[in-house]
Every structure is written in C-alpha cells, then in structure tokens.
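Some notes on the structure that comes next.
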Amino acid sequence: MNKVFIGCGAGFSGDRFDAAGPVVDTLSACDGPRYLIYEVLAERTLAIAQRLRRNDPEAGYSPYLDHYIEPILAKAKANDIRIVSNMGAANPLGAARRVLALAAEAGLTDLRVAVVTGDDLLAVHTVETIRELPTIEGIGLADREIVAANAYLGAQPIADALAIGVDVVLVGRTTDAALVLGPLIHEFGWAAGDWDRLAQGTMAGHLLECGGQVTGAYFADPGFKDVPDLAEVGFPIAEVDEAGDMVITKAAHTGGLVSRATVIEQALYEIHDPANYLTPDVVLDLSNISVEEIAPNRVRITGAKGTPPPPTLKATISIDGGWLGEGEITYAGPNALARAELAASVIRRRCQILGIQEPVRVDIFGAGAVHDNDMGSKRVQAKLPLDGEYRVRAAVRASVRKTAQQVSDEVLSLYCSGPAAGGGVRQYVTEHVSTASILIDRDDVLPHVHAREVFA
Amino acid sequence: MTTLEVPLHAIAHGRAGDKGNRSNISVVVYRPEAWNYLVDQVTADRILEVFRHKGATGCNRYELPNLGALNFVIDDALEGGVNGSLGIDGHGKTLSFLLLGEIMVRVPMECLPDGSPYL
C-alpha cells in the first residue's frame, strides 16, 4: 500500500455545509484507502448537546448531522470513502441511528455504522469523584452544577471501530487529531512504540482538524497574504504514507491556497509548547519539522518526533455559566464620538441606579474596543476623530437572566432616552456554559471505552 | 545599510488561538532574512507589555528556526477568556493583529516581501 488519503469536511460546528462535496469528488479519484473526517465538537458544543439529550433521550448528537452527512453519504459509500466524525457529541448511539435512517432514505441498504463510547465520565463516575480531580485550567468546580464531563479519548478506539469493517465511525469527545490518526493506525498497524509515526499522524490530524484554516482560510490579509477565490476555498486532504510522511493538499477545482505559510500558521495554532504537545496517543514534538512546497498547493511535512503519552487524560468539565446580556447602538456623523461617550456614561449611571452589582463593560467600536480592556483605558488615551461612526456596546455576565436582560434593555432605552440620533439597536441575552480542564488517570477511563457496530 | 522602522506586520504574519485565559500567538517571518531581527527584537517581555492592559501576567516564547516562527504563550491575556470575558472577542482571535500592529521593529528593506505596501 502506498498512501492513505484523508480529507476534512468541517473544522467546527457550523462550518460550511457544502465544503465536503469537492473533497469527496477528489477522494473518489484517489488510488488508496480514503477517509473523510468532520470535526464539529468544541468544548461548549458538547455541553449544549448534553442539555439537549436531557430533554430528549434521542437527541444530543450534532444538530448539523443531517446538513453534513445527507449530501455526501451515497457518493461516499459508492466510492469506499469511510467517514469518521465526532458528530456523536453527547449521544453517539443516537447519531448512528440517525445516519442509518438517512442511509435508508437514500436507498442504501448495506451501510454499516460503529460508535465509540466511554468518554462520558458522568456515566461511570460520581459528581463527587469528578470534583476532586485536579483542575489544570479554567474555573473552580466547587458548588457549580456540572453539565457535562468528558475525557479526551485517543485514536485507538477509532481504529478498533474501523477494524469492525464499518463505513462510518461516530464518536463523542476524542482529540480532534484522533479522527485522522485513528484511520492511519488502522491502515498501517502503527502501535505504541512507533512514536515518530504516531507523531506525524497527529501532526496530520492537527493540520486537518480546522478545515480551511490550512488551505488559506483564516489566513488571507489582502496585499500581504493573498488567497485566490476565498468564497470557494477548498478543504484539505492529507496524503500519508506508511512512514508517516505526508503531503497536505486540497480538493480539486476549488479556491484557496496550500503553501508553506498556510501550513506553518495552522501547525502552530493553539499548540503552546511546540516540543511538548500532549495527546492521549503520543507527545508531539513539532519543533524541528520541515515544511516544503513541492508543487502548487502541495506541501510536504516531515520530521515530527514523538515520545510516550502521559499516564493521565485531559477531560473537559462543563459548568452552568450563567447569562450574558449585551446591547448595541450606533452613532454616526458629526460629533458621533462625543454622543457615543455620553451614551456610555448614561448606561453606567443607569446600571448604578438600578443597583446592578455585576461588572458592566461598555465598549465603543470604532474606538479600538476589541483590543481594549474592561475599563476602556486605551480609548481614554487615544486621540480619535469626533466625527465618524461609532457603535456602543454594553455587556454583563450574571447568574440570573433578569440582570442580563436589564443591562441589555438599558441600551434599548437609549432610542428615546439617550443622546441624539442613536440607531440600529441589537440585543442579545444568551445562556452560557463555562468549562474547566481536569486530569484523570487513563486507567479510570479506558476500561469503559467500547467500539461497537450499531444496527438500525 | 538602509533600515526601516515598521510594524511587525510588515515582516511577519501570525495567528491567535486560546486555551482558557491563555492566548497563543504565532509570529512567522515572510522572508528568512528577517529571522535574526525577529529573534533579537521581539522578546517575550515586549509581547507581555502589549497585553499588560488586559491583565497579562506572563509570556513564554518558543523559537522554531526551521519555520522562521516564534510561538508566544501569554498567561491571563484574555480577561477570563470565553468563560468570563465581557469583551466582544472572548477567544482573543483578533489579538494576533494587535501584536503585529503594536510591536515596531527596525530592519533592512530586504526583510520585507517584494511589493510590500510598507515599501
């Protein structure tokens, strides 16, 4: 066997629904095993899914599953493209049943689907046990309602699921890179000890997991980093050989760009210490990788090194995060900044009068707000034109909805009770989930991990 | 040798990501000629100063000479991050361009890409 071809159809929950089409077309023409991954499970997405499942036991998988799977399922099956995704979210079994239903609707009678379960810590541990685990990041867990607790599984369970011989593997929480490394372990038989190969496979996964972020999207900076036809950016495909050497390219007949620069930006994305990127499968050292353009839109990556993974797994704990209340209003034309500043001070005074205890932030967009702090201290020192277009935004976080709504409503009231000519009010009052990361001994998780086929 | 004082944006690009209240920003030179100037001038202390107003408490710099890249990890740079920030960009996705705009470097013209709008 020469190469394994792995394409990416989505890099986050809400990514373009039609991006996978050209990836499937391109994979269909590749000579070798083909896979299509979808990474759609951010930390908060899983907590929201957990809440959905509480209200409806059959729900809790990706709400976009139909949008992603339905358009490509028949063609993927016809071309032996196996699908691996974390669309299972809080309910991989429910997701599998939904995919089988979509297959039946499409007239596919022989589609086989497997799931991986065991990431859900609440299924096997008590809340008290979870609260006692060491927190490495995020807020404290004491006295907060735990909405979800999921360990990051590695690639082996995905490889186990593929070994059953199925067309589709659905998981909940795994590392994003495992969606790519799992198929590579299955195809090449890499095992513990093949640390450099596992590191290259993890590198491939890291490069693919954000979809267009490696093919010119989230990269374009006109005049500095130009990207052709961004509106039709092609999603990435990795070609990986048995040694773990890989080429990153993209779907044929699409826009976008794969270059040394697009690959380097994604290689370092959220990686922290490049010599010590911890995963359940391997510790990845990418500090000495080579990134080489070998042809237009083809970049070869070699030289990732691996060492054995730590004895613990990371888990994300999701906690009730209260409410965020926001309101926005725009001032434009002569003296707009002075009117916006007046609006900001009216909002602050009104929150005092109403007895709001929580900190309220008031931004002025157009005056450097997004890079400023809660106090707006950069704006105070800046010399900005009074005339122009400025948008005022108030924001508060509160444990109860009422307070969030009150602050948002103070912006609305500026229509008739604020400075001259405020317009375009928008209000947002949204419920939030907070997260913390903890470490758990892998022996407390892996005995509960199962890969199994699901039947309609 | 003619040198120019330009924003970091003239010689490098980058991307920001987050984990909790920590920001991770890469800085990658367009041309290999710029690498030594980047390493000499764009120190962790200077980056920390850019984020001090947000409450940043520390900055680690990782060097990747093969890639012409520095990777900065800035502690407490996100006013609570997506868990707690009141700002519009809790992830700090836009912060790569704060850094690229605020840090000034003095470099020879050869460090800028051909046709750079800064020339």
Side-chain angles (χ1 to χ4, degrees), chain A residues 42-44 136-139 213 218-219 221-225 260-261 263-275 286-291 303 319 321 324 326 328 358-363 365 368-375 377-378 393-397 432-437, chain B residues 9-10 12-30 50-55 60 62-73 79-102 112-113 115-118:
Chain A
E43 291 186 338
R44 276 160 191 73
I136 54 171
E137 178 182 273
I139 62 178
Q213 279 198 187
Y218 215 70
F219 174 86
D221 185 11
F224 295 90
K225 294 184 288 176
R260 188 175 141 83
V263 167
I264 290 173
E265 272 200 23
Q266 182 56 26
L268 294 176
Y269 180 63
E270 293 185 341
I271 210 93
H272 292 218
D273 179 355
L286 59 91
S287 54
N288 288 301
I289 58 170
S290 299
V291 177
I319 314 116
L324 178 66
E326 300 164 279
E328 298 173 13
E358 292 80 357
V360 174
R361 172 164 171 152
V362 186
D363 287 312
F365 297 134
V370 75
H371 289 161
D372 213 333
N373 60 20
D374 282 352
M375 288 77 73
S377 44
K378 286 175 88 99
R393 167 183 176 267
V396 71
R397 283 184 188 267
H432 280 250
V433 173
S434 293
T435 61
S437 297
Chain B
H9 182 243
H13 58 98
R15 180 172 295 179
D18 69 307
K19 288 264 192 307
N21 197 19
R22 196 171 280 155
S23 180
N24 181 167
I25 304 178
S26 62
V27 175
V28 189
V29 291
Y30 284 106
V50 172
F51 296 95
R52 195 72 89 172
H53 70 291
K54 285 182 175 284
N60 277 311
Y62 300 97
E63 296 175 20
L64 298 110
N66 268 8
L67 306 181
L70 297 175
N71 197 40
F72 292 98
V73 178
E79 297 184 283
V82 272
N83 275 334
S85 171
L86 290 175
I88 193 79
D89 176 24
H91 296 94
K93 304 291 261 189
T94 64
L95 294 178
S96 48
F97 280 74
L98 171 64
L99 189 162
L100 294 173
E102 292 226 336
L112 278 64
S116 169
Y118 286 100

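Excluded from the calculations below are hydrogen atoms, water molecules and symmetry mates; all remaining heavy atoms, backbone and side chain alike, are included. These figures come from a predicted structure and were not determined experimentally. Residue numbers begin at 1 in each chain, while the letters A, B, ... track the order of the sequences.
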What residue in Ala69(B), Pro113(B), Ser26(B), Gly84(B) has the most heavy-atom pairs under 4.5 Å with chain A?
Gly84(B)

Residue Val82(B) versus chain A: region with a heavy atom under 4.5 Å:
both

Of Ala369(A), Ser377(A), Ala261(A), Ser290(A), the largest count of non-hydrogen pairs under 4.5 angstrom with chain B goes to Ala261(A)

Part of Phe365(A) within contact of chain B (heavy atom distance under 4.5 Å):
side chain

Which one of Val360(A), Asp363(A), Ile289(A) has the most heavy-atom pairs closer than 4.5 Å to chain B?
Ile289(A)

Give the member of Glu63(B), His13(B), Arg22(B) that has the highest number of heavy-atom pairs under 4.5 Å with chain A.
His13(B)

Applying side-chain contact (heavy atoms from CB on, under 4.5 Å) to Asn373(A) and Lys378(A), what does each step give before you reach the verdict?
CA-CA 8 Å; Asn373(A) 60 20; Lys378(A) 286 175 88 99; over 6 Å; no

Tightest non-hydrogen contact, residues Ala16(B) and Ile25(B), listed as CB-CG1, 3.8 Å

Tell me whether the rings of Phe224(A) and Tyr118(B) are parallel (<30°), tilted (30 to 60°) or perpendicular (>60°).
tilted

Taking Gln266(A), Met375(A), Arg44(A) one by one, which has the highest count of heavy-atom pairs under 4.5 Å against chain B?
Arg44(A)

Go through the atoms of Asn60(B) and report whether side chain, backbone, both or neither lie under 4.5 Å from a heavy atom of chain A.
neither

Given that the side chain runs from C-beta out, which part of Thr94(B) has a heavy atom under 4.5 Å from chain A: side chain, backbone, both or neither?
both

For the interface with chain A, which of Ser85(B), Ser96(B), Ser116(B) has the highest count of heavy-atom pairs at distances below 4.5 Å?
Ser85(B)

Minimum heavy-atom separation for Ile271(A) to Ala267(A), with atom names?
CD1-O, 3.7 Å

Looking only at heavy atoms, the pair that brings Pro117(B) and Gly223(A) closest together is CD-O, 3.7 Å

By a 4.5 Å heavy-atom criterion (distance strictly below it), what part of Glu102(B) contacts chain A: side chain, backbone, both, or neither?
side chain

Output the option from Phe97(B), Phe51(B), Tyr62(B) having the highest count of non-hydrogen pairs under 4.5 Å with chain A.
Tyr62(B)

Taking 4.0 angstrom as the limit, do Arg393(A) and Glu326(A) come out as a salt bridge?
yes

Option in Asn288(A), Val291(A), Val263(A) with maximal non-hydrogen atom pairs under 4.5 Å from chain B:
Asn288(A)

side-chain contact (heavy atoms from CB on, under 4.5 Å) between Asp273(A) and Val73(B): does it pass, once the steps are laid out?
CA-CA 8 Å; Asp273(A) 179 355; Val73(B) 178; over 6 Å; no

Side chain, backbone, both or neither: which part of Ile264(A) has a non-hydrogen atom closer than 4.5 Å to chain B?
side chain

Quick check for you: among Val396(A), Ile319(A), Asp221(A), Leu324(A), which has the greatest number of heavy-atom pairs under 4.5 Å with chain B?
Asp221(A)

Check for a donor-acceptor pair, side chain of Asn24(B) on one end and backbone N or O of Gly17(B) on the other, with a separation under 3.5 Å.
no

Least distance between heavy atoms, Tyr218(A) atom then Arg15(B) atom:
O-NH2, 3.2 Å

Atom group of Leu286(A) that falls short of 4.5 Å from chain B, counting heavy atoms:
both

Side chain from CB out, backbone as N, CA, C, O: work out which of these in Glu328(A) comes under 4.5 Å of a heavy atom of chain B, or both, or neither.
side chain

Side chain, backbone, both or neither of Val433(A) within contact of chain B (heavy atoms, under 4.5 Å):
backbone

In terms of heavy-atom proximity below 4.5 Å to chain A, should Tyr30(B) be classed as side chain, backbone, both, or neither?
side chain

Does a side chain donor of either Asn21(B) or Asn83(B) reach within less than 3.5 Å of an acceptor in the other side chain?
no

Below 4.5 Å, heavy-atom pairs only: which of Ile88(B), Asp89(B), Asp18(B) has the largest tally toward chain A?
Ile88(B)

Write down the atom of Ala12(B), the atom of Val27(B), and the distance for their closest heavy-atom approach.
CB-CG1, 3.6 Å

Sidechain N-carboxylate O distance under 4.0 Å for Arg361(A), Asp374(A):
yes

